[in-house]
Undergrad: 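Before anything else, here's the structure in question.
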Protein chains: 2
Amino acid sequence: MQAIRTAMAAMHQRSEAIPPVSPAVESLVRQVIAQVADKWTMLVLEALEEHGTLRFTEVGRMVGGISQKMLTKTLREMERDGLVVRTVHPVIPPHVDYTLTELGRELSAAFCGVWTWAETYYAEVSAARKAFREREGGA
Amino acid sequence: MQAIRTAMAAMHQRSEAIPPVSPAVESLVRQVIAQVADKWTMLVLEALEEHGTLRFTEVGRMVGGISQKMLTKTLREMERDGLVVRTVHPVIPPHVDYTLTELGRELSAAFCGVWTWAETYYAEVSAARKAFREREGGA
DNA sequence: TCCGACACTCTCCTTTTGGTGCGTATGGCA
DNA sequence: TGCCATACGCACCAAAAGGAGAGTGTCGGA
């Protein structure tokens, strides 16, 4: 069934779906979106937005339920993408601070709408899931 | 290093980081966010918002670069969560339509800010990545 | 004296994600 | 007669995500 893929690719190259922006920009935007539309990124963003500068373990506490591995990775990626600044204080028990950049704060503001949506409609999503289960799943 | 995890869990249970909302709601909201903050979900949402009602292959074309498996899965989850309506026309070459619900349109609107952010700042993200590479990576 | 704390890194392991390709039902078209 | 198109489900497989736990280096406190 690669016919569908071929058709997709062809259509995509001809960019029928996206007339206003160039394919290159589209691709970059999608890359950024895919990177940024991540659960942990969103959560860390929220934590830093709400509490300002935090150190490693504090971010972990605020986010809750994240492993150090994922925390390190997420923070590194956010630093790479210019969303946070990482400040290392070369003292003997290590001390590292993380702060949102302007870019990070902007993104946080943009995600605010999604948070609001989730808080506003999570009950409806639950209801929809229940209805779906009863319609297709259990019955 | 499960000390950190234990501390996190304890803190989280005591919900020091999230005073305004109850932990149960928080958990649900996070679940919804995690579900919805997905690359394909965002892309499908965009496609349906922009083009209205589409059928399976059309969604695939609009999104671009998605396999049928992921398309099916994403669409099913969105249907389950009440974001799209799936209408099956029982004709012999199968015909299935997908349309956003009001909930879906609201979410799409909420994500609009993130899209705008990405379009506005993708160049800065690229620059930040380049700088980071030069700082830590290659040099 | 010896453990804990910080901010990681590294290894091992399981789970999830995602791709490819095959099957399917059948009316319409060649 | 026989192949195509639609919207999938299913099986198999590779790759990536993600968690658990151990190691690190030094210093201050018990």
Side-chain angles (χ1 to χ4, degrees), chain A residues 1-9 11 30-31 34-44 53-80 84-99 136-137, chain B residues 1-12 30-31 34-44 48 53-80 84-99 136:
Chain A
M1 185 70 65
Q2 69 281 52
I4 218 180
R5 302 275 299 108
T6 311
M8 278 181 201
M11 292 271 190
R30 280 180 190 221
Q31 219 184 103
Q35 193 69 241
V36 132
D38 166 66
K39 184 192 168 192
W40 296 129
T41 303
M42 285 187 64
L43 262 8
V44 169
T53 298
L54 293 174
R55 43 199 302 195
F56 185 80
T57 43
E58 287 174 337
V59 177
R61 272 203 299 272
M62 297 308 160
V63 168
I66 188 173
S67 64
Q68 333 87 293
K69 182 182 170 180
M70 276 301 103
L71 187 51
T72 303
K73 197 187 156 211
T74 305
L75 250 9
R76 276 282 192 288
E77 286 174 354
M78 291 175 74
E79 189 198 359
R80 187 198 49 165
V84 298
V85 203
R86 181 164 169 269
T87 314
V88 182
H89 304 274
V91 290
I92 292 306
H95 186 126
V96 183
D97 284 330
Y98 294 93
T99 317
E136 327 245 332
Chain B
M1 183 70 63
Q2 70 281 52
I4 219 181
R5 303 272 299 110
T6 311
M8 279 180 197
M11 293 274 190
H12 192 224
R30 279 178 189 222
Q31 219 183 103
Q35 193 69 243
V36 133
D38 167 66
K39 183 191 168 191
W40 296 129
T41 304
M42 285 188 64
L43 262 7
V44 169
L48 286 174
T53 298
L54 293 174
R55 43 197 303 195
F56 186 79
T57 42
E58 287 174 337
V59 177
R61 271 202 300 273
M62 297 309 160
V63 169
I66 188 173
S67 67
Q68 333 87 293
K69 183 182 170 180
M70 277 299 105
L71 188 51
T72 305
K73 196 187 157 210
T74 305
L75 251 9
R76 276 282 191 287
E77 286 175 354
M78 291 176 74
E79 188 199 0
R80 189 197 49 165
V84 299
V85 203
R86 181 163 169 269
T87 314
V88 182
H89 305 275
V91 290
I92 292 306
H95 186 125
V96 183
D97 285 330
Y98 295 92
T99 317
E136 328 244 332

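In what follows, every chain begins at residue 1, and chains take the letters A, B, ... in the order their sequences are listed. All values reported here derive from a predicted model rather than from experimental measurement.
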Undergrad: Should the ring pair B:Tyr98 and B:Phe56 be called parallel, tilted or perpendicular, given that the plane angle runs from 0 to 90° and is split at 30 and 60?
TA: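 Tilted: the ring planes of B:Tyr98 and B:Phe56 meet at 30° to 60°.
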Undergrad: Return the value, rounded to whole Å, for the distance between atom CG of A:Leu71 and atom C1' of D:dA17.
TA: 16 Å
Undergrad: Taking only side-chain nitrogens and oxygens of B:Arg76, does any of them come within less than 4.0 Å of OP1 or OP2 of D:dG9?
TA: yes
Undergrad: Can you see which heavy atom on B:Leu75 is nearest to which on B:Val84, and at what distance?
TA: O-CG2, 3.9 Å
Undergrad: Measure CD1/B:Ile92 against P/C:dG27 and give the value in whole Å, please.
TA: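 My rounded result for the distance is 5 Å.
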Undergrad: Mind calculating the distance between CD (A:Gln68) and C1' (D:dA22) to the nearest angstrom?
TA: 11 Å
Undergrad: Atom CG of A:Leu75 to atom P of C:dA7: distance rounded to whole Å?
TA: 11 Å
Undergrad: Return no unless some side-chain N or O of A:Arg55 is found under 4.0 Å from OP1 or OP2 of C:dC6.
TA: no
Undergrad: So, is A:Lys69 close to the C:dC8 phosphate, meaning a side-chain N or O under 4.0 Å from OP1 or OP2?
TA: no
Undergrad: In whole Å, I'd like the distance from the CE atom of B:Met70 to the P atom of D:dA15.
TA: 17 Å
Undergrad: State, to 0.1 Å, how close A:Asp38 and A:Gln35 come at their nearest heavy-atom pair, and which atoms those are.
TA: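 Looking at all heavy atoms of both residues, the shortest contact is CB-O, 3.6 Å.
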Undergrad: What are the two closest non-hydrogen atoms of A:Val91 and A:His95, and how far apart are they?
TA: CG2-CB, 3.8 Å
Undergrad: Just how far, in rounded Å, is C1' of C:dC10 from NZ of A:Lys73?
TA: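 For the pair A:Lys73 NZ and C:dC10 C1', the rounded distance is 16 Å.
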Undergrad: May I have the distance from A:Glu79 (atom CD) to C:dA7 (atom C1'), rounded to whole angstrom?
TA: 14 Å
Undergrad: Of the nucleotides C:dT20, C:dC8, C:dG27, which has the atom closest to the B:Ser67 side chain?
TA: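 Closest nucleotide to the B:Ser67 side chain: C:dT20.
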Undergrad: Measure from the side chain of A:Pro94, starting at C-beta and using heavy atoms only, and say which of C:dT20, C:dC6, D:dT6 lies closest.
TA: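 Side chain of A:Pro94 sits closest to C:dC6.
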Undergrad: Taking all heavy atoms of B:Gly64 and all of A:Arg30, pick out the closest pair and write down the distance.
TA: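 Heavy atoms only, the tightest pair is O-NH1, 4.1 Å.
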Undergrad: It should be established whether B:Thr57 places a side-chain nitrogen or oxygen under 4.0 Å from OP1 or OP2 of nucleotide D:dA7.
TA: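 Yes, B:Thr57 has a side-chain N/O under 4.0 Å of OP1/OP2 on D:dA7.
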Undergrad: How many Å lie between NE2 on B:His89 and P on C:dT26, as a whole number?
TA: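 So the NE2-P distance, B:His89 to C:dT26, works out to 19 Å.
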Undergrad: Tell me which of A:Arg86 and B:Lys39 sits closer to the 5' end of DNA chain C, going by the nucleotide each one is nearest to.
TA: A:Arg86
